[in-house]
There are 2 protein chains.
Amino acid sequence: MPKKVVTEAERRRRRPTRQGTVLSERLIVQTALRMLREHGAAGLSARRLGTALGADPSTVYRYFAGLDGLTRAIGEELMGRALDSWTATGTWRTDLRSLGLAIHASYLAHPQAAVLTASRVTGRPREIEVDETILGILRDAGFTDTDAVGIYHAFIDLALAFAALDAGALAIKDEVREADEHMWTSTYAHLPPTTHPHIAATAHLLADRMNHSAYPVLLDTLLNGADARLTSTRGQDV
Amino acid sequence: MPKKVVTEAERRRRRPTRQGTVLSERLIVQTALRMLREHGAAGLSARRLGTALGADPSTVYRYFAGLDGLTRAIGEELMGRALDSWTATGTWRTDLRSLGLAIHASYLAHPQAAVLTASRVTGRPREIEVDETILGILRDAGFTDTDAVGIYHAFIDLALAFAALDAGALAIKDEVREADEHMWTSTYAHLPPTTHPHIAATAHLLADRMNHSAYPVLLDTLLNGADARLTSTRGQDV
DNA sequence: CTTTAAGGTCTACGGCGTTGGCATAAGGAT
DNA sequence: ATCCTTATGCCAACGCCGTAGACCTTAAAG
């Protein structure tokens, strides 16, 4: 890499762009998010981002090590927003549930961005903060360290996996506009009972279900399992 | 699209390529899978695929409507392989569990391909076959239609979401080769207890956990929930 | 054996990520 | 106030990419 990427904290000079805008990591990330929202996942490119910023495309490389670095920063931003929108109550189950939903919602608010970032572990500050928070909730609730780590793992991966999956579905809908939307009422509803009896019998229910996320149900299932584990452990070693 | 895409069944003439190979959807999909495995997700391009096939890149467009169409065919292939590798025993819980693991494993066998396809619903035959199978298992087991559809939804989305998430992690590992692999033993292990007490306290456990998939645990959690639901329903209306 | 059109090939377009070199002005030192 | 250094924005260019349209060749239908 010929260009040295300088971290935001060390950045000293703030030379305005030819068109007058003053760049920053924050501005670039937010512009990228806006472009993703407006023009879809394929609408984000270094060149277009440059134009949108009123700067040369290559300038972005002074702030991020390639578009991949920008992508990770976007993920970090979404994770941060989830955390900011969340408040603790002190009840572990309530807090975990709302935190999971907050993460899911934060990503789904920017489906095109989520598709790019949700399956990446970045190790950046806000992401670590989320991890610390989850582990704290669990350990404070009385889970053993082993249980806490196991549940934490399932919890965070479930949230991220469904953020990615549901965002993918949303992003496609946004782009193909209904071409895909009626899949469950078109393709699946017209399968003959002779070859596909079970789909045919439940087609009306499927159409309803499949256009919503399965995440809340699975989250509750996970929390139920954790709850059971907690009470059984309490019974054992207290 | 200037090139009319002909379905495999209607294809009549099989003109060999300049270099002698005879093309088919199947050959193209398998070549693409091999390229993905050997050169990573970025290693698949129409041009490289053409060279690998001994054909002009644009020939691919006679078989698939763009690389996106090829991608969907690859997903269909992976789903088909999962189904072929699976055998029913007649016990709903055993069968669902093994089917879920088969889907997950089939995708993870080709992480780079899975990343591209796992979050796409294609509506192609083998995918529909899987859906019909799952619904059949559940309805035959005695679940009400409503429950069956709910569990089916959670089940298939869980499998696909984790196929995508875990494949993403694997694909990155394959490419960045350990740069990312030791994240949990490097970044997270060195966080000071003062700022991140919970991560610090469980760092040794985290490193173990985070390099494995949370999918089996969540799958079992889901099946537990389903089982409970089944017995409670039986109690009610039998 | 002729005809016809399927299907492989050629060429070209516009866009992409990224880089190395260059110019200029911001900010510290005097 | 002036100079100096160097951070940071700009430019031009490289080698890729997906894919459209015209063309050509040859398998098969009659």
Apply side-chain hydrogen bond (donor to acceptor under 3.5 Å, both in side chains) to B/D166 and B/Y107, showing your working.
CA-CA 9 Å; B/D166 294 334; B/Y107 277 89; over 6 Å; no

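When rounded to the nearest whole Å, the span between CG of B/L70 and C1' of D/dG18 equals 13 Å. Atom CG of B/L23 and atom C1' of C/dG7 are 9 Å apart (whole Å). Look at CD1 on B/I28: it is 12 Å from C1' on C/dG7, rounded to the nearest Å. Between the CG atom of B/L44 and the P atom of D/dT19 there is a distance of 11 Å, rounded to whole Å. Atom CG in A/D68 sits about 12 Å away from atom P in C/dT19, given to the nearest Å. The interatomic distance linking B/E25 (CD) with C/dG7 (P) rounds to 12 Å, in whole Å. Between A/L67 atom CG and D/dC16 atom C1' the separation is 15 Å, expressed in whole Å.
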Distances under 3.5 Å between nitrogen or oxygen atoms of protein and nucleotides 11-15 of chain C:
none

Between the protein and nucleotides 22-24 of chain C, which nitrogen or oxygen pairs are less than 3.5 angstrom apart?
{"from": "C/dT24", "atom 1": "O4'", "to": "A/R15", "atom 2": "NH2", "distance (Å)": "3.3"}
{"from": "C/dT24", "atom 1": "O2", "to": "A/R15", "atom 2": "NH1", "distance (Å)": "2.7"}

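Among residues two or more places apart in sequence or in another chain, the side chain to side chain donor-acceptor pair (under 3.5 Å) test is passed with A/R126 by A/D84, A/E129. The side-chain contact (heavy atoms from CB on, under 4.5 Å) search around A/L116 returns A/L36, A/T71, not counting sequence neighbours. A search for ring pair (Phe, Tyr, Trp, His ring centres under 6.0 Å) contacts involving B/H198 returns nothing, not counting sequence neighbours. Scanning for salt bridge (charged side-chain N to carboxylate O under 4.0 Å, His left out) contacts around A/R48 gives an empty result, with sequence neighbours left out.
At the phosphate of C/dG8, OP1 or OP2 sits under 4.0 Å from a side-chain N or O atom of B/Y63. Using a 4.0 Å cut-off, no side-chain N or O of B/T59 falls inside it from OP1 or OP2 of C/dG7.
Among the atoms of the strands shown, none is found under 4.0 Å from any heavy atom of A/F64.
Closest non-hydrogen pair, A/P192 versus A/A200, comes out as C-CB, 4.5 Å.
In this model, a donor atom of one side chain and an acceptor atom of the other lie less than 3.5 Å apart for A/H153 and A/D157.
Taking the six-membered ring where the residue is Trp, B/Y215 and B/H104 present parallel rings, their angle staying beneath 30° rather than reaching 60°.
Ion pair B/E77/B/R81 flagged as a salt bridge, since at least one NZ, NE, NH1 or NH2 atom sits closer than 4.0 Å to an Asp/Glu carboxylate oxygen.
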